[in-house]
Structure formats: C-alpha cells, structure tokens
Protein chains: 4
Amino acid sequence: MTETQKKFRRRAEARPDEVLNAALAVFVEKGYAAAKVDEVARRAGVSKGTVYLYFPSKEALIEGIVRRAVAPIALRAVPDLETFEGDPRLPITMLLTVLIQQLARPEASAVPRLVIREVMSFPFIANFYRNEVLGKVMPALIRLIERGVETGQLRPVDPELTVRSIIGPLLAHVALGELFGITPAKGLELERFLANHLDILFHGISAQPEEA
Amino acid sequence: MTETQKKFRRRAEARPDEVLNAALAVFVEKGYAAAKVDEVARRAGVSKGTVYLYFPSKEALIEGIVRRAVAPIALRAVPDLETFEGDPRLPITMLLTVLIQQLARPEASAVPRLVIREVMSFPFIANFYRNEVLGKVMPALIRLIERGVETGQLRPVDPELTVRSIIGPLLAHVALGELFGITPAKGLELERFLANHLDILFHGISAQPEEA
Amino acid sequence: MTETQKKFRRRAEARPDEVLNAALAVFVEKGYAAAKVDEVARRAGVSKGTVYLYFPSKEALIEGIVRRAVAPIALRAVPDLETFEGDPRLPITMLLTVLIQQLARPEASAVPRLVIREVMSFPFIANFYRNEVLGKVMPALIRLIERGVETGQLRPVDPELTVRSIIGPLLAHVALGELFGITPAKGLELERFLANHLDILFHGISAQPEEA
Amino acid sequence: MTETQKKFRRRAEARPDEVLNAALAVFVEKGYAAAKVDEVARRAGVSKGTVYLYFPSKEALIEGIVRRAVAPIALRAVPDLETFEGDPRLPITMLLTVLIQQLARPEASAVPRLVIREVMSFPFIANFYRNEVLGKVMPALIRLIERGVETGQLRPVDPELTVRSIIGPLLAHVALGELFGITPAKGLELERFLANHLDILFHGISAQPEEA
DNA sequence: GATGAATGAGGGTTCATTCAT
DNA sequence: GATGAATGAACCCTCATTCAT
C-alpha cells in the first residue's frame with residue numbers, strides 16, 4: 001500500500017467524522033430545522049449524496065453528533081469525583097475549572113449548545129443526555145456532596161438540590177454571554193467569574209470553622 | 001350597540017392576541033422553524049389567511065410575542081428592587097419567589113423558554129431582551145448588591161458577577177426539569193429548591209454576624 | 001330632496017363609473033393579473049365589498065371597462081368617414097390627427113393599451129373590439145380608400161391592406177415611445193411624426209399629378 | 001463514454017433550453033402572471049423542482065427567454081444594412097421579407113410577442129430590448145435612410161421618423177391578425193400585404209424619377 | 001464508493017370572494 | 001347600500017431524499 005493510498009484510506013475512514021463536524025457547525029449556527037443538508041455537505045467537502053451514504057437521514061446527523069460526544073470532558077471527571085476522598089471543595093473546583101475552560105472553546109461547547117437548543121424537538125436527545133451524561137455526572141456530584149455533609153465538611157444541605165447551586169451560576173454566566181452578549185465590564189471574566197462563584201458557593205456550603 | 005355586536009367587536013379586537021397565544025404555544029412546542037402557520041391558525045380558531053391579516057409574516061409572530069411580553073412579572077419588581085432600603089436579602093427572596101412561581105406556570109414561562117430557544121436565530125430577540133428586560137432587571141439587582149456590600153450587610157462580593165449566583169441555580173433547576181425531565185425525588189421541589197438555594201446563597205454572601 | 005341628498009345620490013349613481021376608472025388605472029399600470037381588487041377599491045375610494053356590489057368578479061371589471069369605452073373618439077369619426085365625398089386625404093388627415101391627440105392623453109389611451117395588453121388572455125376582448133370598434137372603423141376606412149381609387153385620386157392600392165399603412169406607423173410610433181421609451185431627438189415629436197408620416201403616405205398612395 | 005451516457009449528458013445540457021422553451025410557450029399563451037411554474041415544468045417534461053434547479057425564480061425564466069433571443073433573425077441583418085452601398089430600397093425589402101417570414105412562424109414570433117406583452121411589467125425587458133435589439137437595428141435603418149437621402153435616391157424625409165413608416169404597417173398587420181383575428185379576405189396575405197406595403201412605401205419615399 | 005441531477009411533498013404567502021354586521 | 005374581517009384555494013419556492021451514472 002502506497003503512501004497515497006494510505007492517505008486516501010485514512011480520509012475515507014474519517015469521512016463520517018468530517019460530516020458530523022460539518023453538521024455540528026451548521027446546526028449550532030442555524031438551528032437544526034433551518035440547517036440544510038446541502039450546506040453540511042459543502043462544509044464537509046463532500047457531495048450531498050455522500051452524506052446520505054453514511055447517515056440515513058438528516059435526523060441521524062444530530063443523533064450521530066450527540067452519540068459521538070458521549071464522552072465529553074466532563075465525563076472523564078466522573079471517576080475522579082467518584083473516588084475522591086478528601087475535601088469535596090477540591091474536586092468541585094476542578095470540575096468547574098474544566099467545565100468553564102471547555103465552554104470557552106467554541107468547538108467544545110458546540111454539542112452542549114446544540115443539545116440545549118434542540119432537546120425539546122428530539123426526545124431522543126433528552127433521553128440520551130439524561131442517561132449518558134447527566135445521569136452519570138450528577139449522581140457523582142451528589143454523592144460527593146453527601147460525603148461532604150457526612151464528614152462534616154459541608155453544612156447539611158440537600159445534595160440533590162445543591163448540584164443546581166454548583167452548576168447554575170456557570171450556566172447563567174454562559175447564557176448571558178453567549179445568548180445575549182452580556183459580559184461583565186472588567187475583562188478576565190472567566191477567571192473572575194469562577195473566583196466569585198466559588199467564593200460564594202464555598203462560603204455558602206462549608207461548615208463553619210470551629211472557632212467561629 | 002347591541003350585546004351581540006359588543007361580543008363580536010370584542011372578539012375582533014382580541015384576534016391578534018389570540019393568534020399570538022396560539023403561535024406561542026406552537027413555537028414552544030415545536031420550535032419556530034418546525035412550526036406551521038397552519039397549526040397556529042388552527043389553534044387560534046381562525047383560518048391561515050386571518051393570521052396574515054394581523055401579522056405580515058411568520059417571523060412577525062415571534063416578534064409580536066416577544067414585544068407583547070415586554071412587561072413580564074419580573075419587570076414589575078424592578079421599582080421595588082430599585083427603591084428598597086433595608087436588608088437586600090428580603091427583595092432577593094421575593095424576586096426569586098415570584099420568578100419561581102412564574103416559571104412553574106407554563107403560560108408564564110413560555111416566553112422565556114421561547115426566547116432562550118430561538119435567540120440564536122433571531123438577533124432581534126437578543127437585542128430586545130437585552131435592552132428591555134435584562135438591561136433593566138440586572139442593573140437593579142446589581143445596585144441592590146452594591147448597596148448591601150456598602151452597608152456591610154453583604155460580604156465584599158463582585159455585584160455584577162454575583163447576579164449569576166442568584167439566578168443561575170434557578171436556571172439550572174428549570175433547565176434540568178423542563179429540558180431533561182430531571183426532578184428531585186421527594187416532591188415539593190420548588191419550595192425545597194428555593195429554600196436550599198437561598199440557604200446556600202445567603203450563607204455565601206452574608207457578612208459574618210460577629211463582623212457585622 | 002335637499003342639495004346634500006342630491007349630491008349623495010349623484011355620487012351613488014357614479015360609483016360603478018368610479019370603480020371602473022380606478023380599475024382601468026390599476027390594470028394599465030400593473031396588468032390585469034397582477035392588479036389587486038384591494039387597490040382598485042382603494043383608488044375608487046370605496047371598500048372592497050363595494051366593488052363586488054357592482055361587479056360580480058374581477059373579470060367583470062375588465063369587461064365593464066371595455067364595454068364602457070365602446071364609443072371611443074375614433075368611432076365618432078366613422079359617420080364622417082362614411083359620408084365624406086371629396087379628397088380622401090382630408091378625412092385621413094383628420095382621423096390620424098384626432099387619434100394621435102387622443103393617444104397622447106393617458107386617460108384616452110388607457111383603454112386601447114389595456115386592450116392590446118390583455119386581449120390574448122380574454123377572448124371576449126378580441127371579439128368585442130373586433131365587432132364594435134375595428135369592425136366599424138376599418139370598413140369605413142376601406143370604403144374611403146376604395147372611393148379614392150375609384151375616383152382616381154389614389155393609385156390602385158389594395159384598400160384592405162392599405163389600412164395597415166395608414167395606422168401602422170402611428171402604432172409603431174406609440175409603441176416605441178410608450179413601451180421602450182424611444183422617442184426622436186428633436187422634440188415636437190407628435191406633430192413632426194404626423195407630418196412625416198402623412199408626407200410619405202400621401203406620396204405613396206396619391207395618383208401622380210399628371211395622371212390624375 | 002457510451003452512447004447512453006452521451007444521450008443523457010446531452011439531455012442534461014439541454015435542460016435549461018427545454019425549460020425556457022416551455023416557459024416561453026406558457027407565457028405567450030397565458031401571460032406571465034397567469035402562467036404557473038407547474039405547467040412550465042410539465043411542458044418541459046421535468047418536475048417543478050428541476051425548473052428551480054436551473055432558474056432561481058419565475059422571473060428569471062422571462063429574463064432567460066429574452067436574453068437567449070438576443071440574436072434574433074433581425075439582428076443578423078444589421079451588418080448587411082450597415083455596409084450596404086446601393087439602392088436602399090433593396091435592403092429594406094430584404095429586411096421586411098425576412099421579418100414577415102419570421103413573424104409568420106409562431107416559434108420565431110413568440111419572443112417579440114412576449115416582449116410586447118410583458119414589457120410594461122418588467123422594466124428589465126424594456127432596457128434590454130432597447131439596448132440590444134432596437135438600439136442596434138434602428139440606427140442601422142436610420143443611417144440607411146440618411147444615405148439614401150444624401151445620394152438623392154430618397155426624398156428628404158426625416159430618417160428617424162421614417163423608420164416608423166417602414167416597420168409600422170408590418171406591426172399593424174401582425175397585430176390585427178394575431179390579436180384580433182382580422183385578416184384580409186383573399187389569402188396569400190403575407191405576400192400581398194408586403195407587396196402593397198412596399199408599393200406604397202417606395203412610392204412614398206423615393207425621389208421622383210427625372211422624367212416624371 | 002461518490003456524485004449531483006431530479007424529484008415532489010410541503011410550507012409560507014397572496015388574494016379573489018363571501019357575508020355578518 | 002356599504003363595510004372589512006374572514007376565508008381557503010392556489011401559487012411560488014424549498015429542501016430532504018433518491019438513484020442512475
């Protein structure tokens with residue numbers, strides 16, 4: 001097999017992935033319904049027929065996108081969250097740090113944005129995300145908080161509900177910026193936001209120091 | 001003018017509103033692009049032609065919906081937020097209580113949901129919401145926090161960023177429930193969620209008693 | 001009956017005529033198919049319903065226009081043409097003079113233009129114009145030429161075909177100006193055109209002086 | 001390349017032309033506004049979608065028709081008219097002979113008929129025809145007459161206006177026949193008409209023979 | 001495998017016509 | 001008589017999907 005052949009083979013194998021990348025870009029930009037298969041093909045550098053060679057329908061594209069992203073960065077943190085033994089504030093800090101870094105990268109945040117945008121139209125997405133992503137990250141987080149409460153490091157908060165207090169401000173920050181173009185004035189927003197959020201969060205959930 | 005005439009006149013005057021109600025329902029259910037004007041008309045109990053009698057295009061429907069909702073419940077709270085003098089935690093509690101009650105009512109939460117869903121496709125919506133809603137509520141909240149920090153009732157948090165800690169958990173709670181069907185197990189969710197959120201938030205932002 | 005009442009009555013009686021005037025204007029401007037009944041009503045200063053009060057359909061409007069114009073200026077010339085005894089060049093000059101004056105007035109030329117424009121779409125128009133207008137003017141002209149040939153004032157031309165040489169240049173002049181905006185450079189076009197046309201025409205059809 | 005492939009390729013390349021042919025037929029028959037794209041497609045033997053594959057809109061069809069006919073038979077005569085040196089009556093005879101032969105063929109006269117019919121609704125047509133057809137044929141004719149006057153072969157007529165006397169009778173003949181179904185009784189109309197027209201025209205514009 | 005010409009169902013929009021007032 | 005809100009059939013155009021090459 002010559003080099004050329006190998007390159008071609010490699011390309012051929014990468015085709016579905018390239019199509020999904022193009023579809024993701026178009027769907028995020030225009031919304032699924034307004035996106036055209038023609039444009040997906042054009043951006044993927046293939047013909048319209050080729051898209052249908054790999055995916056049976058336009059809907060299969062969005063399903064493929066969501067499935068392929070099954071293991072987002074966040075998921076890799078699950079084992080860490082599950083097995084962590086010490087102060088729960090440390091993994092929470094790490095999780096939020098990773099999340100916010102990812103959300104700052106358009107390629108990485110594209111799938112979550114697509115999911116939020118189209119989840120109402122595709123029950124499959126809600127099920128899949130609930131089962132594969134949220135259903136795994138959230139229980140890990142909940143158990144982390146439970147352990148924190150049990151060990152007395154955290155005040156007796158409701159672990160299930162407290163998850164919302166951990167990720168919610170991040171969600172609000174991203175939504176304000178991405179959807180409405182509302183960003184804080186001073187710059188360095190991400191770091192400053194994260195510091196302020198964690199400051200409030202940890203003051204809010206940490207048990208009082210004994211001497212207080 | 002007879003009773004009959006009055007009734008008909010009344011109906012005629014209410015038409016645009018009825019059409020917008022129907023459009024809102026369909027848009028929230030299917031998304032703007034997938035919604036059919038035919039179905040909007042059917043739900044409004046009129047013919048397709050009547051929709052175009054009052055609105056020049058399908059896009060004008062979504063614009064009409066957003067404009068009509070200019071004065072959402074939240075906005076009415078702005079004056080209260082602006083003029084409030086005492087402990088800032090009281091108006092924050094009231095605001096979140098009102099918000100969460102509204103979001104629990106599908107009719108009241110439909111517009112915000114539509115806005116979030118379609119804001120990327122209609123720059124007009126982002127501008128309008130930024131100018132008319134967020135641009136008014138957020139500054140009021142920010143000043144409230146600023147005053148709390150100045151009077152020493154709150155710790156020296158960043159007011160602009162802290163807004164995200166106040167509304168974010170609410171956003172996360174609604175998103176998890178509405179988009180992914182993820183609700184806490186025990187029931188009474190809204191009250192319990194709000195209590196947990198305020199508990200953490202106020203522990204997080206209040207100045208320590210002994211320092212105060 | 002008061003003056004006011006009389007005036008109103010007069011107006012009411014004039015309604016159909018005003019509607020036809022409006023319809024004529026709109027039809028000439030946009031073409032029948034692209035004209036909207038709404039605009040006809042607006043220009044007539046009545047409601048759309050009123051148009052249908054006097055005319056059963058949009059097509060009835062064009063029929064009404066053509067019928068009302070049955071007695072165009074040209075027709076009034078027919079008796080003169082029929083009974084004229086002397087040199088045929090005189091009535092031809094008069095006919096063309098009247099025609100060209102009328103065609104220069106937009107109100108007067110509107111019906112002929114509408115007829116030419118829509119005659120292919122409405123067989124009724126072709127029949128009606130052939131029977132009521134052309135069928136009367138042309139035979140009169142033909143007989144005039146016949147008499148001229150018989151009396152030796154005109155060369156032995158074919159009367160039926162010579163009609164085309166009389167009115168054709170006028171048609172071409174109007175078409176070039178109205179349809180394509182092509183007008184001769186020097187101004188005074190109508191008079192100069194008519195003079196040139198008659199000069200050529202009469203040199204073309206008159207018997208040679210010495211022969212006569 | 002096999003025969004089959006060639007045939008298909010040929011067909012594919014001919015598609016736009018076939019669509020324009022069908023559109024021309026339908027437009028001439030019904031008028032642009034009343035013509036349906038569906039019927040154009042049906043007559044072209046393709047689906048509605050295919051029409052839009054080659055032409056972006058219904059209006060583009062009429063533009064395509066007019067552009068394609070840029071080089072009508074008449075235009076090919078322009079060089080001859082321009083360079084002709086001898087008796088101007090010869091090229092005029094030839095031009096009118098060619099024109100009348102073309103106008104007698106429905107396929108050849110379809111575009112001029114469409115142009116006359118729709119020129120008021122599509123300013124583009126007026127501009128295009130003025131620039132590309134009339135703007136070239138008429139000056140050539142005018143110069144021909146000018147030269148005839150200068151050489152003394154023609155009487156001192158106005159060249160610009162005399163053009164109307166040359167083509168006008170032809171226009172009238174066609175209009176009477178095509179639009180109103182009015183044809184001379186005896187048959188052989190075209191030849192007889194042309195003979196009569198030229199007889200009158202040349203008597204009308206020729207300088208008197210010396211002996212007369 | 002890859003292409004892109006062709007399809008045709010479906011949706012947004014228009015507008016002649018009707019009819020309750 | 002007069003109105004104009006309401007209707008709905010019909011039209012232009014789009015685009016997901018197919019299939020001959």
Side-chain angles (χ1 to χ4, degrees), chain A residues 8-9 11-12 15 33-42 45-61, chain B residues 1-2 4-9 11-13 15 33-41 45-61, chain C residues 8-9 11-12 15 33-42 45-61, chain D residues 1-2 4-9 11-13 15 33-41 45-61:
Chain A
F8 268 87
R9 178 65 65 91
R11 263 197 71 78
R15 277 283 152 77
K36 293 159 205 165
V37 175
D38 255 332
E39 188 174 353
V40 171
R42 205 178 321 124
V46 299
S47 74
K48 204 171 12 167
T50 303
V51 173
Y52 280 88
L53 203 59
Y54 294 115
F55 300 93
S57 71
K58 185 184 176 189
E59 193 170 342
L61 288 172
Chain B
M1 188 184 277
T2 68
T4 307
Q5 282 175 324
K6 214 190 274 176
K7 197 185 285 175
F8 269 86
R9 181 66 60 92
R11 267 197 72 79
E13 277 164 10
R15 275 288 141 76
K36 294 157 207 162
V37 175
D38 258 332
E39 187 173 354
V40 171
V46 299
S47 73
K48 196 163 31 161
T50 301
V51 173
Y52 282 90
L53 196 60
Y54 295 109
F55 300 93
S57 70
K58 187 185 175 188
E59 191 170 343
L61 288 173
Chain C
F8 269 87
R9 177 65 65 91
R11 265 197 69 77
R15 278 283 151 76
K36 294 159 206 166
V37 175
D38 253 333
E39 187 173 354
V40 171
R42 205 178 323 124
V46 300
S47 74
K48 204 174 5 172
T50 302
V51 173
Y52 281 88
L53 203 59
Y54 294 114
F55 300 93
S57 71
K58 186 184 174 187
E59 192 170 343
L61 287 172
Chain D
M1 189 184 275
T2 68
T4 307
Q5 282 174 325
K6 211 190 275 179
K7 194 186 286 175
F8 268 85
R9 181 66 61 91
R11 266 197 74 77
E13 276 163 12
R15 275 289 142 75
K36 293 157 208 165
V37 175
D38 259 331
E39 187 173 354
V40 171
V46 299
S47 73
K48 194 168 25 164
T50 301
V51 173
Y52 283 91
L53 196 60
Y54 295 110
F55 300 93
S57 68
K58 185 185 175 187
E59 191 169 343
L61 288 172

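Throughout, a chain's letter reflects where its sequence line sits, starting with A, and its residues are numbered from 1. Small disclaimer: the values here were computed from a predicted structure and weren't measured.
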Rounded to whole angstroms, how far apart are [atom1] on [X] and [atom2] on [N]?
| X | N | atom1 | atom2 | result |
| --- | --- | --- | --- | --- |
| Asp38(D) | dA6(E) | CG | C1' | 15 Å |
| Phe55(C) | dT17(E) | CZ | P | 13 Å |
| Lys58(A) | dT14(F) | NZ | P | 15 Å |
| Tyr52(B) | dG11(E) | OH | P | 12 Å |
| Leu53(D) | dG4(E) | CG | P | 12 Å |
| Glu39(B) | dG11(E) | CD | P | 10 Å |
| Lys48(C) | dT14(E) | NZ | P | 13 Å |

Please tell me which of the listed nucleotides, [options], lies nearest to the side chain of [X]?
| X | options | value |
| --- | --- | --- |
| Ser57(B) | dA16(F), dC15(E), dT13(E) | dT13(E) |
| Thr50(B) | dA6(F), dT17(F), dT18(E) | dA6(F) |
| Ser47(B) | dC12(F), dT7(F), dT17(E) | dT7(F) |
| Tyr54(D) | dG12(E), dA6(E), dC11(F) | dA6(E) |
| Val37(C) | dA16(F), dA6(E), dT17(E) | dT17(E) |

What's Ala35(D) touching, base or sugar-phosphate or nothing? Going by heavy atoms closer than 4.0 Å.
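Sugar-phosphate, no base atom in range.
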Residues in side-chain contact (heavy atoms from CB on, under 4.5 Å) contact with Ala60(D), at least two apart in sequence or another chain
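Residues passing side-chain contact (heavy atoms from CB on, under 4.5 Å) with Ala60(D): Phe55(D), Pro56(D), Ser57(D).
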Enter the distance from Lys36(C):NZ to Lys48(C):NZ here, rounded to the nearest 0.5 Å.
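Atom-to-atom, Lys36(C):NZ and Lys48(C):NZ are 11.0 Å apart.
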Dot-bracket, 5' to 3', for DNA chain E please: Watson-Crick or G-U pairs under 3.5 Å, [ ] where pairs cross earlier ones, | where the partner sits on another strand, dots elsewhere.
.||||||||||||||||||||
Using the side chain to side chain donor-acceptor pair (under 3.5 Å) criterion, which residues pair with Ser47(B)? Sequence neighbours excluded.
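Applying side chain to side chain donor-acceptor pair (under 3.5 Å) to Ser47(B) gives Thr50(B).
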More 5' along DNA chain E: Val51(D) or Lys36(C), using each one's nearest nucleotide?
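With Val51(D) and Lys36(C) compared, the 5'-side residue is Val51(D).
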Could you tell me whether the phosphate oxygens of dG1(F), OP1 or OP2, come under 4.0 Å of any side-chain nitrogen or oxygen in Arg15(C)?
no
By salt bridge (Lys or Arg N to Asp or Glu O under 4.0 Å), which residues pair with Glu59(C), not counting sequence neighbours?
none
State which residues pass salt bridge (Lys or Arg N to Asp or Glu O under 4.0 Å) with Lys58(D); sequence neighbours excluded, sorted by chain then number.
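Residues passing salt bridge (Lys or Arg N to Asp or Glu O under 4.0 Å) with Lys58(D): none at all.
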Intermediate values then yes/no, side chain to side chain contact (heavy atoms under 4.5 Å, CB included), Leu61(D) and Val51(D)
CA-CA 9 Å; Leu61(D) 288 172; Val51(D) 173; 4.1 Å; yes
Indicate the atoms forming the closest heavy-atom contact of Ala33(B) with Ala33(A), along with that distance.
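Heavy-atom minimum between the residues: CB-CB, 3.1 Å.
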Residue closer to the 5' end of DNA chain F, Ala34(D) versus Gly49(D) (nearest nucleotide):
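So the residue in question is Ala34(D).
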